[in-house]
Number of protein chains: 2
Amino acid sequence: MARSGNGVEPPQPPGDGAPTAELPKVTDRAVGRARAIPEAAVARLAVYLRVLSAMADQGAVTVSSEELASAAGVNSAKLRKDLSYLGSYGTRGVGYEVEVLVSEIERTLGLTRKQTVAVVGIGNLGHALANYAGFPGRGFPVEALFDVDPDLIGVPVGGLPVQHIDDIPKVCAQKRIAIGIIATPPAAAQGVCDRLVAGGVQCILNFAPVVLQVPSHVEVRKVDLAVELQILSFHVARKAEQRHAGRSAAKRAERNGRAPANRAGQRNGGRATARRTPSNGEVV
Amino acid sequence: MARSGNGVEPPQPPGDGAPTAELPKVTDRAVGRARAIPEAAVARLAVYLRVLSAMADQGAVTVSSEELASAAGVNSAKLRKDLSYLGSYGTRGVGYEVEVLVSEIERTLGLTRKQTVAVVGIGNLGHALANYAGFPGRGFPVEALFDVDPDLIGVPVGGLPVQHIDDIPKVCAQKRIAIGIIATPPAAAQGVCDRLVAGGVQCILNFAPVVLQVPSHVEVRKVDLAVELQILSFHVARKAEQRHAGRSAAKRAERNGRAPANRAGQRNGGRATARRTPSNGEVV
DNA sequence: CCGATTTTGTGCACACGTTCACAAGCGTTA
DNA sequence: TAACGCTTGTGAACGTGTGCACAAAATCGG
Ligand SMILES: NC(=O)c1ccc[n+]([C@@H]2O[C@H](COP(=O)([O-])OP(=O)(O)OC[C@H]3O[C@@H](n4cnc5c(N)ncnc54)[C@H](O)[C@@H]3O)[C@@H](O)[C@H]2O)c1
Ligand SMILES: NC(=O)c1ccc[n+]([C@@H]2O[C@H](COP(=O)([O-])OP(=O)(O)OC[C@H]3O[C@@H](n4cnc5c(N)ncnc54)[C@H](O)[C@@H]3O)[C@@H](O)[C@H]2O)c1
């Protein structure tokens, strides 16, 4: 089956014209302009935005990188570097103006125009998502709900009637849905995904524990709670193992929180990359 | 370890006593043993485990790294490296035995002994979590539910009665709860977190959009859906911007799925780090 | 107007993660 | 047994992300 399924993740740069071109060791080139915000930074910007909004609500006018960093649970140097991707909006010796940062981050994250959302699979999780006030509150109005269950079709959930999944392409195109959230059973996820893509949806947030195959222009992020728990489980196991075996060094650091250079708050950052349909139809 | 664990990956060596020590350029040193599984790899191991379980159910006996990688949406080299952290369980020229991999991954992730879970905040999301069959199905039995709402106390959800949050420390200690899931409103999250910690809970999965402060021996992971959407939003914005501005190069690559350097399937990997109570009590 | 103080913005070095590429090992076949 | 083909395991190169440390700006006080 050759390389890896979908085939195309070549070592060479895109090289539109000449795939075999022997380019030396140019690092960036390729794309048009220069500055590209690192994936990891984007995730943190979203967190800063939340913290800043809360600060603004409390009447704060300016923040220093130190303050903001500590509230967001990151290192202040990292914070400054992250903010520097937006441009230079701070004042040395003073700090950042909260309002300015908020609007700059919003602009960068593309939150100036609302991104409409559709939820597919109105079961336990789908209900919660459809009712969640935090989405519209943050510029992500939920404008369509879908399911297969005949008993659900037409029933309003969170003020919006559930529609049949066969209508996904039509409705999504019509309402210009930007983001699709998949909360169906795993087996149904790929089919739903395909319909969303057919409807012109550009981004998908997937709760079903499957790896989705999508065309390259579609962005997928997944949230897999079982995986989250397993990662936590790993850390517990590792700590327990350490406690039993290596009881020589590192003991007080482990116990009462001195935690030397405890750099960051809890994260789940990371990037998500789209993926093409592969040649082989592996099971999932 | 020392690597990226919870507490100790300081610039300077922990050096309880001498923080200004002028260590040369030693790379690992520090703690006892050697191999530490990279954080990013742990997240993927969990995914491999799911895929492998599905394959086992379908009767597969062996897999090659190519097959498994493609099913899991990653590069095969990466997969092999990830598996190599477990030890050498493959057979050259043949592949891996599915059963062996499953049990090795389970052992490594600490899934050999069940990790009991408590859910706090039985609202929209909490209900979904409490009813989710995927948790007990994967070795994470939900054994306690908590809320403050008097109307909820005593009501069974998913076959388990909801208890009052004041009982969290007692019940968690008694039932040896390993993982606490927080699904309360943001304002209540820190308080709940403190009680969970008091009850001896080692890991916390936090759905509330706040940065939790915990002692260093507690591991926190957060799931912030608004942040996920914002990251997606960023990518949409960037693509749109590119389409408008840089219409010189990279055009067909963008459209019909050629996907230049399409490296991996969708991820949300990343690490979570514990965090001590900070010196300043910043708002959140 | 100048120096002290504060805090940003960033060059640099290092750690981490990813990918390549290939030798080492295994099974099979002649 | 020897030669061959296949697949693992891993060294090394590369790219990305993190954190330090300091020069550059701005404000304030005298
Ligand atoms: N409930 C949770 O807390 C939780 C946690 C983690 C992951 N998940 C995942 O989220 C997904 C949904 O979980 P849930 O607990 O809400 O399940 P659920 O069974 O309660 O709901 C699933 C819904 O999807 C609908 N559905 C089934 N096939 C469909 C299709 N082809 N198209 C559209 N809708 C379809 C069903 O009618 C039902 O309403 C699952 O993949 C699950 O693994 C859920
Ligand atoms: N619903 C979603 O889809 C969704 C999505 C993303 C994030 N979240 C986050 O998850 C959390 C819960 O969301 P929800 O929609 O389930 O909210 P909800 O209002 O439906 O439920 C919150 C529950 O927490 C309980 N609660 C309040 N204070 C408490 C306390 N001090 N201790 C224990 N329980 C307490 C309430 O009684 C209620 O039952 C929120 O922080 C929200 O931001 C929810």
Side-chain angles (χ1 to χ4, degrees), chain A residues 1-4 9-13 24-28 30 35-44 62-69 74-97 100-101 260-264 267 269-271 273, chain B residues 2-5 9-12 19-20 23-30 35-44 62-69 74-97 100-101 261-264 267 269-271 273:
Chain A
M1 63 158 71
R3 284 299 148 99
S4 54
E9 77 276 49
Q12 285 86 15
K25 56 203 53 182
V26 197
T27 303
D28 51 307
R35 50 94 196 217
I37 305 183
E39 280 283 339
V42 173
R44 288 189 299 264
T62 60
V63 252
S64 70
S65 62
E66 207 60 69
E67 288 176 280
L68 183 50
V74 302
N75 174 307
S76 75
K78 195 190 294 190
L79 178 129
R80 287 200 297 279
K81 186 153 284 188
D82 287 345
L83 293 184
S84 79
Y85 294 120
L86 311 177
S88 277
Y89 296 101
T91 307
R92 291 168 191 231
V94 179
Y96 301 87
E97 227 171 298
V100 173
L101 276 195
N262 202 341
R263 60 177 142 120
R267 286 173 279 176
R271 45 241 159 265
T273 318
Chain B
R3 278 303 153 80
S4 50
E9 75 276 49
Q12 288 88 11
T20 50
L23 92 161
K25 54 202 56 183
V26 197
T27 304
D28 52 310
R29 96 205 266 283
R35 50 91 196 222
I37 304 185
E39 281 283 339
V42 174
R44 288 189 298 265
T62 60
V63 252
S64 70
S65 62
E66 262 331 316
E67 287 176 280
L68 182 50
V74 302
N75 175 308
S76 75
K78 194 190 296 190
L79 177 127
R80 286 200 299 276
K81 185 150 282 187
D82 288 345
L83 293 185
S84 78
Y85 294 119
L86 309 178
S88 278
Y89 294 102
T91 307
R92 293 169 191 230
V94 178
Y96 301 88
E97 226 171 301
V100 173
L101 277 195
N262 202 341
R263 57 181 139 119
R267 284 174 280 178
R271 44 243 160 261
T273 318

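Labels below follow one simple rule: chain letters A, B, ... track the order of the sequence lines, proteins then strands, and each chain is numbered from 1. Worth knowing before you read on, the calculation uses all heavy atoms, side chains too, and leaves out hydrogens, waters and symmetry mates.
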Verify the contact: side-chain N or O of [X] to OP1 or OP2 of [N], cut-off strictly under 4.0 Å; return yes or no.
X	N	result
Ser65(B)	dT7(D)	no
Asn75(A)	dG17(D)	no
Thr91(B)	dT8(D)	no
Arg44(B)	dT18(C)	yes
Tyr85(B)	dG17(C)	no
Lys81(A)	dT10(C)	no

Atom-to-atom span, [atom1] of [X] to [atom2] of [N] - whole angstrom:
X	N	atom1	atom2	answer
Ile37(A)	dG17(D)	CD1	C1'	15 Å
Tyr89(B)	dC26(C)	OH	P	16 Å
Tyr96(A)	dG9(C)	OH	C1'	7 Å
Glu39(B)	dT18(C)	CD	P	12 Å
Leu83(B)	dT7(D)	CG	P	15 Å
Lys78(A)	dC12(C)	NZ	C1'	17 Å
Leu68(B)	dT7(D)	CG	P	14 Å

Task: Which residue lies more 5' along DNA chain C, comparing Val94(A) with Ala77(A) via nearest heavy atoms - done: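 Its nucleotide being nearer the 5' end, the pick is Val94(A).
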Is the closest side-chain heavy-atom distance between [X] and [Y] below 4.5 Å?
X	Y	value
Thr91(A)	Thr62(A)	no
Val74(B)	Asp82(B)	no
Tyr96(A)	Leu83(A)	yes

Report task. Rounded to the nearest 0.5 Å, what's the gap from CZ on Arg80(A) to OG on Ser64(A)? Could you check? Result ->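 If we round to the nearest 0.5 Å, Arg80(A):CZ and Ser64(A):OG are 9.0 Å apart.
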Q.
If you assign each of Gly93(A) and Arg80(A) to its closest nucleotide in DNA chain D, which residue comes earlier from the 5' end?
A.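 Looking at the nearest nucleotide for each, Arg80(A) comes out on the 5' side.
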Relative to the 5' end of DNA chain D, which residue comes earlier, Arg92(A) or Asp82(A), by the nucleotide with the nearest heavy atom?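 Between the two, 5'-proximity favours Asp82(A).
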